[in-house]
Amino acid sequence: MPVHDVHVAVIYYSSTGTVAELARRIADAAEHAGADVRLRRAAELAPQSAIDANPAWAANAAATADIMEATHEDLLWADAVIFGTPTRFGNVTSQLKQYLDTLGGLWQQGRLADKVYSGFTASATPHGGQESTLLALYQTVHHFGGILVTPGYTDPAKFRDGNPYGTSHVGGPDTPLDEDARTAARIQAERVVKFTKAIKHGLSPAS
């Protein structure tokens, strides 16, 4: 079996950079776990004046300008898709939702079904809507007919970060990812790759 025998797309939206950093961590971990990875960002919908008015937002826009915007082809290419979004009132950002809302044609053709899906998020405050954001995101996965793979409490480290729904982080651009978030990102990526391989090739007794 080839080393890179599954395709994983990490598709995210980030305004001030926290989710972008999580996306990079997850993408790197998925690649190390044996996947070909595409890191893609959802298109920005906010006016440039709003971005320029927030230094952290403007800095992140400049820092991630070289990351390609997500297209439908990225989703078709992928065996597994890991979506990332900050919380917006306990829900998915409009930028990522816009991307999801353009997928109706592919959904109608059944081309989004039977892929593995997972999600990650961040909020500025504790209890800021992380769980509800991921649960809202996963409603879309159910409509796709996707196979939802979450981290659960499958590793002792998950009892430290405490989010079985997906990787999450509390903080903004001035709060770097802590060790718990970095570990959670690795665990989630490895679990997604493991089960994507299992679906494509069968899970070996040692896995």
Side-chain angles (χ1 to χ4, degrees), residues 8-30 37-72 74-75 78 81-103 117-141 150-151 161-163 165-186 188-189 192:
V8 175
V10 180
I11 298 175
Y12 75 94
Y13 173 74
S14 181
S15 54
T16 58
T18 301
V19 172
E21 179 61 22
L22 282 174
R24 285 189 288 269
R25 294 275 179 174
I26 287 173
D28 288 346
V37 178
R38 289 185 183 180
L39 178 63
R40 299 289 188 264
R41 58 183 174 86
E44 182 60 80
L45 302 178
Q48 191 63 44
S49 58
I51 297 169
D52 292 341
N54 183 325
W57 198 349
N60 180 61
T64 59
D66 61 331
I67 298 175
M68 296 175 62
E69 289 185 358
T71 67
H72 290 185
D74 295 315
L75 211 59
V81 185
I82 309 176
F83 288 117
T85 175
T87 66
R88 290 293 185 269
F89 304 112
N91 213 320
V92 177
T93 58
S94 59
Q95 289 87 347
L96 183 64
K97 189 63 165 58
Q98 166 78 359
Y99 176 76
L100 296 173
D101 286 347
T102 68
L103 300 174
Y117 295 90
S118 200
F120 59 99
T121 190
S123 62
T125 59
H127 313 294
Q130 294 181 348
E131 292 180 0
S132 62
T133 296
L134 291 175
L135 291 172
L137 173 65
Y138 294 158
Q139 291 180 35
T140 300
V141 173
T150 60
D161 75 79
N163 192 338
Y165 303 99
T167 300
S168 61
H169 177 67
V170 176
D174 298 325
T175 310
L177 299 185
D178 58 21
E179 185 61 31
D180 288 344
R182 293 193 295 270
T183 300
R186 175 186 58 76
Q188 184 169 8
V192 165

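Residue numbers count from 1 along this sequence. Predicted model, so just to flag it, every value in this text is computed and none were measured.
Distance alone, capped at 3.5 Å, is enough to place a donor-acceptor pair between the Thr121 side chain and the Thr85 backbone. Looking only at distances, a side-chain donor or acceptor of Gln188 sits under 3.5 Å from a matching main-chain atom of Gly119. A donor-acceptor pair under 3.5 Å is formed between the side chain of Thr102 and the backbone N or O of Tyr99. At least one donor-acceptor pair under 3.5 Å links the side chain of Ser132 to the backbone N or O of Gly90.
Shown here for Ala23 and Tyr12, the closest heavy-atom pair between the two residues is CB-CD2, 3.6 Å. Across all their heavy atoms, Phe83 and Leu96 have their closest contact at CD2-CD1, 4.0 Å. In this structure, Trp57 and Ser15 approach most closely via the heavy-atom pair CD1-O, 3.2 Å. Nearest heavy-atom pair across Asp174 and Pro176 is O-CD, 3.5 Å. Nearest approach of Ala61 to Ile51, heavy atoms of both residues: CB-CG2, 4.3 Å. When all heavy atoms of Ser14 and Pro86 are compared, the pair lying nearest together is CA-CG, 4.5 Å.
Scored by the salt bridge (Lys or Arg N to Asp or Glu O under 4.0 Å) test, Asp161 finds Lys158 as partners (sequence neighbours excluded). For Ser168, the side chain to side chain donor-acceptor pair (under 3.5 Å) partners at least two apart in sequence or on another chain are Gln130, Asn163.
One distance of note links CG of Leu39 with CE of Met68; it measures 11.0 Å at 0.5 Å rounding. With values rounded to the nearest 0.5 angstrom, Gln139 atom CD is found 8.0 Å from Asn91 atom CG. Summarising the geometry, atom CD belonging to Glu21 is positioned 9.5 Å from atom NE2 belonging to His169; distances are rounded to the nearest 0.5 Å.
Contact check for Val141 versus Val81: no side-chain heavy atoms found under the 4.5 Å cut-off. Inter-residue side-chain proximity for Tyr117 and Thr140 is flagged as unmet; no heavy-atom pair is nearer than 4.5 Å. Contact of the Leu75 side chain with the Arg40 side chain is not registered, since no non-hydrogen atoms from C-beta on lie closer than 4.5 Å. Residues Glu69 and Arg41 have side chains in contact (heavy-atom distance under 4.5 Å, counting atoms from C-beta outward). Within the 4.5 Å cutoff, side-chain heavy atoms of Thr183 are placed close to those of Arg186. Residues Gln95 and Glu44 meet the side-chain proximity criterion, which asks for heavy atoms closer than 4.5 Å. Side-chain contact between Tyr13 and Val19 is absent, with no heavy-atom pair separated by less than 4.5 Å.
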- Item | Working for side-chain hydrogen bond (donor to acceptor under 3.5 Å, both in side chains), residues Thr71 and Asp74 | CA-CA 5 Å; Thr71 67; Asp74 295 315; 3.2 Å; yes
- Given side-chain contact (heavy atoms from CB on, under 4.5 Å), test Phe120 with Val10 step by step and report yes or no. CA-CA 10 Å; Phe120 59 99; Val10 180; 4.1 Å; yes
- Message: With side-chain contact (heavy atoms from CB on, under 4.5 Å) as the criterion, how do Leu100 and Leu137 come out once you've worked through the C-alpha distance, each side chain's angles and the decisive distance to 0.1 Å?
- Response: CA-CA 10 Å; Leu100 296 173; Leu137 173 65; 4.0 Å; yes
